[in-house]
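Below is one structure, written out as C-alpha cells; comments come after it.
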Amino acid sequence: MALPFGRSLCLSRWGAKRLGVAAVDARRGVSFKLEEKTAHSSLALFKGDTGVKYGMVGLEPTKLAPNVERFREWAVVLADTAVTSGRHYWEVTVKRSQQFRIGVADVDISRDSCIGVDDRSWVFIYAQRKWHTMLANEKAPIEGIGQPEKVGLLLEYEAQKLSLVDVSRVAVVHTLQTDFQGPVVPAFALWDGELLTHSGLEVPEGL
C-alpha cells in the first residue's frame, strides 16, 4: 500500500485508523514524484519532479520558503509517497553522477541528517567507482555490478527487504535486511550529476 507523503506523516503520528486509504493496483509498485519541499537547497527537480540534479552552489537558502521538511545539511530529497505494505519496484537512471545514494527512509527522518548515517534509512551508495550498502554509518562492499546507467530497487515491506537490481540482467545484486517500523519513502542523495526516477512499474518476473 502506498500513501501520499502528507498522509504518511499523519499515519506515522496518529495511526492508520484515522485515515481512509485506498488500495493500490497489486500488479504495480508505488508511483511517486520527488517532494520539492524536502529537497536540499543544492538540488533542483526537473522532468515533472521525477528527476533531481545537483548544483555546486544551488539556491540561496534565504530564497526558499521556510519549511521544516527541507533537508538542511545534506543534499537529500525524498519521494512524495510513502509505503506501508506490499512489494514495490522502481528504477533510477544515472546521468553523469559519480557519487550518490538511493534507498528508502522513515518519513520522519531527521532533516539535519543524511540517508545512510542512522538506523532509520537503508541505502545503496555509489562512490569512487564502487558500490556499498550503508546503514547506521556502516558500509559494506557490493560485488557484481559496475558503473551504472540504470539500476532498480525492489522493496518488500512485509519481508523487511530492500534489494539492488541489475536491470540489464533483471537480477538481484544485493539485499539489505531492514527494520521497518512505520511508513517509508524512496530517498535519494547526490553530489554531482543527475538522477531520473521511473516509478509505478510492475515487479519484473523472476524477482
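Here, residue 1 is the first one in the sequence, and each next residue gets the next number. Not measured: the values here are computed from a predicted model.
- Remark: the T93 side chain and the H198 side chain contain an N/O donor-acceptor pair separated by less than 3.5 Å.
- Inter-residue side-chain proximity for V76 and F188 is flagged as unmet; no heavy-atom pair is nearer than 4.5 Å.
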Q. Given the rule in the side-chain contact (heavy atoms from CB on, under 4.5 Å) test, do E91 and L201 qualify, once you have shown the distances and angles that lead to the verdict?
A. CA-CA 8 Å; E91 295 179 346; L201 306 177; 3.9 Å; yes
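- Using modelled atom types, no side-chain atom of R129 and backbone atom of Q147 make a donor-acceptor pair closer than 3.5 Å.
- Of the possible donor and acceptor atoms, none in the side chain of T175 sits under 3.5 Å from a partner among the backbone N and O of S163.
- With hydrogens and angles disregarded, no donor-acceptor distance shorter than 3.5 Å links the side chain of T81 to the backbone of F32.
- Looking at T50, its side chain does come within 3.5 Å of a backbone N or O of K47 through a donor-acceptor pair.
- L196 and V92 are members of different hydrophobic clusters when ILVMFWY side chains are connected at heavy-atom separations under 4.5 Å.
- Within the 4.5 Å cutoff, no side-chain heavy atoms of V52 are placed close to those of T197.
- Less than 6.0 angstrom separates the ring centroid of F100 from the ring centroid of W131.
- In this structure, C114 SG and W74 CH2 are separated by 5.5 Å, a value rounded to the nearest 0.5 Å.
- Using a 4.5 Å cut-off on side-chain heavy atoms (C-beta onward), V165 and L207 make contact.
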**Q.** Criterion side-chain contact (heavy atoms from CB on, under 4.5 Å) on H174 and F124, from CA distance to verdict
**A.** CA-CA 9 Å; H174 190 90; F124 299 100; 4.1 Å; yes
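- Minimum heavy-atom separation, D49 to L45: OD1-CB, 3.5 Å.
- G116 and S121 make their closest contact through N-OG, 2.7 Å (heavy atoms, listed as atom of the first residue, atom of the second, distance).
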Q) What's the verdict on side-chain contact (heavy atoms from CB on, under 4.5 Å) for V107 and V184, showing C-alpha distance, side-chain angles and the deciding distance? A) CA-CA 5 Å; V107 295; V184 295; over 6 Å; no
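- Of all heavy-atom pairs between W90 and G103, the closest is CZ2-O, 4.2 Å.
- With rounding to the nearest 0.5 Å, the separation of NZ in K53 from OG in S42 is 13.5 Å.
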Q: List the steps, then state whether side-chain contact (heavy atoms from CB on, under 4.5 Å) holds for V151 with L164.
A: CA-CA 7 Å; V151 293; L164 181 67; 4.2 Å; yes
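- Residues F46 and L195 are members of separate hydrophobic clusters, defined by side-chain heavy-atom contacts under 4.5 angstrom among Ile, Leu, Val, Met, Phe, Trp and Tyr.
- Of the inter-residue distances, the one linking R111 atom CZ with R70 atom CZ reads 10.5 Å to the nearest 0.5 angstrom.
- Checked by atom type and distance alone, the side chain of T38 pairs as donor or acceptor with a backbone atom of E35 at under 3.5 Å.
- Each of L78, V77, L43 was compared with F71 under the side-chain contact (heavy atoms from CB on, under 4.5 Å) criterion, and only L78 meets it.
- D80 places a side-chain N or O within 3.5 Å of a backbone atom of K33 that can act as its donor or acceptor partner.
- Across all their heavy atoms, G152 and V167 have their closest contact at N-CG1, 3.5 Å.
- The shortest side-chain heavy-atom distance between E156 and Y89 does not fall under the 4.5 Å cut-off.
- A salt bridge links R120 to D179: one of the charged nitrogens lies within less than 4.0 Å of a carboxylate oxygen.
- Atom OG1 of T133 sits about 10.0 Å away from atom NZ of K139, to the nearest 0.5 Å.
- The aromatic rings of W122 and F180 sit perpendicular to each other, their planes meeting at more than 60°, with 30° as the lower class boundary.
- With hydrogens and angles disregarded, a donor-acceptor distance shorter than 3.5 Å links the side chain of R28 to the backbone of G200.
- Looking only at distances, no side-chain donor or acceptor of D106 sits under 3.5 Å from a matching main-chain atom of D108.
- Taking CG from L135 and CD from Q177, the interatomic distance works out to 11.0 Å, rounded to the nearest 0.5 Å.
- Here the CD-CG distance, from E138 to D119, works out to 12.0 Å after rounding to the nearest 0.5 Å.
- Counting only N and O atoms by type, the side chains of Q128 and Y126 include no donor and acceptor under 3.5 Å apart.
- Between D112 and R72, at least one side-chain N (NZ, or NE/NH1/NH2) sits under 4.0 Å from a carboxylate O, which counts as a salt bridge.
- Looking at D166, its side chain never comes within 3.5 Å of a backbone N or O of A171 through a donor-acceptor pair.
- With respect to the salt-bridge test (charged N to carboxylate O, under 4.0 angstrom), the residues E158 and R87 do not qualify.
- I102 has its side chain within reach of L153: a pair of non-hydrogen atoms, C-beta onward, lies under 4.5 Å apart.
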